[in-house]
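Remember, it's 1-based here, ligands and their atoms both numbered in the order they're listed.
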Amino acid sequence: MTLISYIKGDLFQITINAKDAAKRPIILAHACNCRGVWGGGIAYVFKQRFPSAFSLYNAHCNQYSVLPSKLLGTALLVPVNGMDVGYIHGIGEDILIACLFTSDVGDDSDEEIAHYTELAMLDLKKQLENPKLIENRRAQGVLQRSRDKDFLINMPKINAGIFAVPWELTEEALKKSGLACRVFEL
Ligand SMILES: Nc1ncnc2c1ncn2[C@@H]1O[C@H](COP(=O)(O)OP(=O)(O)OC[C@H]2O[C@H](OP(=O)(O)O)[C@H](O)[C@@H]2O)[C@@H](O)[C@H]1O
């Protein structure tokens, strides 16, 4: 099975007309810094659409404010809620956002960011396989309710914009994680 597929289009379209939400949660992943900021790029759009998820990400980063780099290579799964503007009733209950901590503040080398991407995806895989490892209780519940355990990670070309990492390096890291990814390209 091809682990990485590509789709032309806006990532957020799938949260508007998701057809497969019934079977499994819609997981939207993006590359995050360790400083609790979704200031630019697609992260800023995530923050506008799902402010409740941003708050959970920001609170998580604050726990590591003494040594933010401890977050590198980890993944945080957070739910969205009915107050979020990007929440679509009937689908929103099954949207999870996967924050992949791939760089502290974006000044890591391309190779380091690709390595942290692989580690973060492996951490995400561990959590998907064993929801008890998921810190957020609501996100845990969404996954435990999922009948289909073949999860698909939807994402933009992470690291390829503000972090300026050549896509081939990130693509290689994603392949090593063994998770099925669907990459949305504008
Ligand atoms: N709706 C959409 N659908 C599909 N693809 C979309 C899209 N919108 C943009 N793209 C593309 O998605 C790729 C990622 O590009 P981005 O520059 O966003 O992210 P990145 O992963 O390189 O970097 C992470 C840092 O960006 C933020 O920055 P701040 O430090 O907060 O300012 C974070 O917080 C991190 O720190 C580029 O190809 C964009 O064309």
Considering only heavy atoms, which of [options] lies nearest to [atom]?
{"atom": "atom 31 (O) of ligand 1", "options": "Gly39, Gly36, Ala164", "value": "Gly39"}
{"atom": "atom 19 (O) of ligand 1", "options": "Asn154, Ile162, Leu186", "value": "Ile162"}
{"atom": "atom 24 (C) of ligand 1", "options": "Gly41, Ala160, Ala31, Gly106", "value": "Ala31"}

Within-cut-off N or O pair, Asn33 and ligand 1, under 3.5 Å: yes
Asn159, any N or O under 3.5 Å of ligand 1 N or O: yes
Protein non-hydrogen atom below 4.0 angstrom of atom 13 (C) of ligand 1 present: yes
So which protein heavy atom does [atom] come closest to, and at what separation?
{"atom": "atom 11 (C) of ligand 1", "result": "Pro156 CB, 4.2 Å"}
{"atom": "atom 29 (P) of ligand 1", "result": "Gly40 N, 3.6 Å"}
{"atom": "atom 3 (N) of ligand 1", "result": "Leu11 N, 3.0 Å"}

is_close_aromatic(Trp38, Phe54), centroid dist under 6.0 Å: yes
Test log, rule side chain to side chain contact (heavy atoms under 4.5 Å, CB included), inputs Glu135 and His60: CA-CA 10 Å; Glu135 181 180 298; His60 185 74; 3.1 Å; yes
Any Val45 heavy atom less than 4.0 Å to ligand 1: no
